[in-house]
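To start, the structure itself, in structure tokens.
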Amino acid sequence: MSNQESMRKNPRMWHGKPVVRMHAMVKPIGPICNLNCEYCYYLSKQQLLQETGGWRISDEVLESFIRQYIEDQNYKEVVFSWQGGEPTLLGLDFFKRVVELEKRYCPAHMRCENDLQTNGTLIDDEWCAFLKENNFLVGLSIDGPRELHDQYRRDGNGEGSFDRAYRAAKLLRRHGVNFATLSCVNRLTAKHPLEVYRFLRDDVHSPRIQFIPIVEPKKFRTVAPQHWVPTDMPIMGSPAALPGTSDSVVEDWCVDPDDFGEFLCTIFDEWYERDLGNVYVHYFEAAVEVWMGRVSPLCTHGPMCGKGVALEHDGSVYACDHYVYPDYKLGNIMDRSIKDLVLTEEQEWFGTNKERTLPGYCRNCEYEFACFGECPKNRFIRSPYGEKGLNYLCSGWKRFYAYIDPYIQTIVRRLGHEPVVRVVSG
């Protein structure tokens, strides 16, 4: 039985009813930001979506969304994720209104949780007091020490943002705000794994470390994922499938696949020897889950996707945060409820298509159970055998999983479980 069939035939239950859950990345100010990060995948939505009425979410759309989002789920916890652009540009009063509306519509048997993704540049003591009081989880974008962070994360005047982001980290820690760091692994930072990791661990004192590989085809600003021309897909490892070459299909700032694998392996060594059990690195913790036979907590490494949609400022819903293109617009919550937009055959097809379109190169890989071809938005190269739809990061992920396999098996056995080991015939 496939993972999808198992999930359909054995749905999770809560209070005797099948659980109805979804997750929305809310863009209350669209792509508007006070930084001009060179590798940002969302700034270009200003041209793609061509908004004429302003980018700020209206109170009518905000209240309708919060009410629907709570009413259309039946689990004990409803998670609101506020992103951008830079959502703190909306000001504290906006988020006080958010909390007010959540309290109004959330029934006693449920609770509302909030997370906020920010570049940290506007965070001050007043923000921290509010975030602490209302139990927000804050994702702080910081790529490493100043010389690495400021290479790509600059404002509109070309000024680096490191000092402001680092100050935010210190403020969040001082106020006891629950936060995590999100560090983008690009072509530069991938070359400095220990410098990045030790900075996050020893200087930022990050309680949760997340690494995000930067991968974007050169046509990403106008061409939606899965709408690439098949003949433009280069073979894995060829010059066109690597950043910085004259005929590359990706932006120069993208991470090199093999560098990404080595980046994770190098950090894993340090983590395993010094920090196991003390420092939370999401890729490493997720690997333990998967080797225990569980579904990955990371959507990029799960067997299916589709429950995590994006809500734009005007109420438009898109299939995924990385699929905010007209091709993947599901509708608008002011016309149909968010449940009716998300829990549809169309969106289910989008989610299950992740497994359906795996190339044979992935199906015959001993680490398919841990990777599942990673995020479909990155599947724009060909396998060594010419199959289309291979993930750009394939060689890096395979290097990482092969390296950590014996160590993760040891951890899993210490936890009292028998690790997953897949034997591939032929």
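For Tyr407, the ring-ring contact (aromatic ring centres under 6.0 Å, His included) test picks out Phe268, Tyr272, Tyr403, with sequence neighbours left out. Every side-chain hydrogen bond (donor to acceptor under 3.5 Å, both in side chains) that Ser337 has, sequence neighbours left out, goes to Asp340. Applying the side-chain hydrogen bond (donor to acceptor under 3.5 Å, both in side chains) criterion to Tyr197, with sequence neighbours excluded, gives Asp275. Shown here are the ring-ring contact (aromatic ring centres under 6.0 Å, His included) partners of Tyr105, two or more places apart in sequence or in another chain: there are none. Evaluation of the side-chain hydrogen bond (donor to acceptor under 3.5 Å, both in side chains) rule for Asp150 yields no partner, not counting sequence neighbours. For Phe220, there are no ring-ring contact (aromatic ring centres under 6.0 Å, His included) partners two or more places apart in sequence or in a different chain. Phe179 pairs by the ring-ring contact (aromatic ring centres under 6.0 Å, His included) definition with nothing, not counting sequence neighbours. In this structure Glu251 satisfies the side-chain hydrogen bond (donor to acceptor under 3.5 Å, both in side chains) test together with Arg221, sequence neighbours excluded.
Side-chain contact, Arg379 with Thr357: a donor N or O sits under 3.5 Å from an acceptor N or O. For the residue pair Glu102 / Asn114, a side-chain donor-acceptor distance below 3.5 Å is found, with atom types taken as modelled. A donor-acceptor pair shorter than 3.5 Å cannot be found between the side chains of Tyr152 and Asn36. For the residue pair Thr121/Asn34, the side-chain donor-acceptor check at 3.5 Å is satisfied. For the residue pair Gln68/Ser64, the side-chain donor-acceptor check at 3.5 Å is satisfied. Side-chain contact, Asp143 with Ser183: no donor N or O sits under 3.5 Å from an acceptor N or O. Between the side chains of Thr88 and Glu86, a donor-acceptor pair is found at a separation under 3.5 Å. Side-chain atoms of Glu374 and Tyr392 include no donor-acceptor pair closer than 3.5 Å.
When ring centroids are compared, Trp397 and Tyr367 stay outside the 6.0 Å threshold. In this structure, Phe372 has its ring center at least 6.0 angstrom away from the ring center of His301.
Considering Trp349, Tyr323, Tyr318 as possible partners of Tyr328, the one that fulfils the ring-ring contact (aromatic ring centres under 6.0 Å, His included) test is Tyr323. Checked against Thr352 for a side-chain hydrogen bond (donor to acceptor under 3.5 Å, both in side chains), the options Glu348, Glu355, Lys354, Arg356 give a single hit: Arg356. Checked options Asp321, Asp314, Ile57, Leu311; the residue passing with Lys27 is Asp321 (criterion: side-chain contact (heavy atoms from CB on, under 4.5 Å)). For the side-chain contact (heavy atoms from CB on, under 4.5 Å) with Val177, the lone residue among Leu171, Asn135, Leu131, Leu140 that qualifies is Leu131.
Separation of atoms CD (Glu71) and CD (Gln73) is listed at 11.5 Å; rounding is to 0.5 Å. One distance of note links CG of Asn378 with SG of Cys394; it measures 11.5 Å at 0.5 Å rounding. The distance from atom CG of Asp247 to atom CG of Asp232, rounded to the nearest 0.5 Å, is 11.5 Å. Between atom CZ of residue Arg111 and atom SG of residue Cys106 there is a gap of 9.5 Å, rounded to the nearest 0.5 Å. The CZ atom of Phe263 lies 9.0 Å from the CG atom of Leu194; values are rounded to the nearest 0.5 Å. Residue Leu148 holds its CG atom at 7.0 Å from OG1 of Thr189, rounded to the nearest 0.5 Å.
Under a 4.0 Å N-O distance rule, the pair Glu38/Arg154 does not qualify as a salt bridge. Under the 4.0 Å criterion applied to side-chain N and carboxylate O atoms, Arg399 and Asp258 are not assigned as salt-bridge partners. Remark: Arg67 does not engage Glu63 in a salt bridge, criterion side-chain N to carboxylate O under 4.0 Å. The pair Asp259-Lys191 meets the salt-bridge criterion, since a charged nitrogen lies less than 4.0 angstrom from a carboxylate oxygen.
Remark: side-chain polar atoms of Thr245 are paired, donor with acceptor, to backbone N or O of Pro239 under 3.5 angstrom. A side-chain donor-acceptor contact under 3.5 Å links Arg164 to the backbone of Gly160. No donor-acceptor pair under 3.5 Å is formed between the side chain of Asn157 and the backbone N or O of Glu159. A donor-acceptor contact shorter than 3.5 Å is absent between the side chain of Arg56 and the backbone of Pro28. Using a distance-only test at 3.5 Å, with no hydrogens or angles considered, a donor-acceptor pair links the side chain of Gln347 to the main chain of Gly306.
By the neighbour-count criterion of 12 heavy atoms within 6.0 Å, atom CZ of Arg104 is densely surrounded, having more than that number from other residues, nucleotides or ligands.
Sorted by first and then second residue, the ring-ring contact (aromatic ring centres under 6.0 Å, His included) pairs with a member in residues 42-64 read Trp55-His313; sequence neighbours excluded. Within the structure, salt bridge (Lys or Arg N to Asp or Glu O under 4.0 Å) contacts touching residues 170-181 (residues at least two apart or in different chains) do not occur. Legend: salt bridge (Lys or Arg N to Asp or Glu O under 4.0 Å) pairs involving residues 278-296, not counting sequence neighbours, sorted by first then second residue: Glu289-Arg294.
Taking the six-membered ring for Trp and thresholds of 30 and 60 degrees, Phe199 and Tyr166 have ring planes inclined between 30 and 60 degrees apart. Relative orientation of the Phe130 and Phe136 rings is tilted, given thresholds of 30° and 60° on the angle between their planes.
Geometric assessment of Arg146 against the ring of Phe162 yields a negative cation-pi assignment under the 6.0 Å and 45° thresholds. Tyr325 carries Lys45 over the face of its six-membered ring, with the cationic atom under 6.0 Å from the centre and within 45° of the normal.
Across Ile235 and Pro384, no two heavy atoms sit closer than the pair CG2-CA, 4.2 Å. When all heavy atoms are compared, the tightest approach of Pro230 to Arg382 is O-NH2, 2.9 Å. Between Val317 and Leu341, the shortest heavy-atom distance links the atoms CG2-CD1, 3.7 Å. Heavy atoms only, all atoms of each residue included: Ile70 and Cys112 are closest at CD1-SG, 3.7 Å. For Leu92 against Glu126, the heavy-atom pair with the smallest separation is CD1-CG, 3.3 Å. Among all heavy-atom pairs drawn from Lys377 and Gln226, the shortest one is N-NE2, 4.5 Å.
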Considering only distance and modelled atom types, tabulate donor-acceptor pairs under 3.5 Å from the side chains of residues 209-219, sequence neighbours left out.
residue: Lys218; atom: NZ; partner: Ser248; partner atom: O; Å: 3.1

Review point. Passes side chain to side chain contact (heavy atoms under 4.5 Å, CB included), Met22 versus Val309? Steps please.
Key: CA-CA 8 Å; Met22 66 188 82; Val309 299; over 6 Å; no
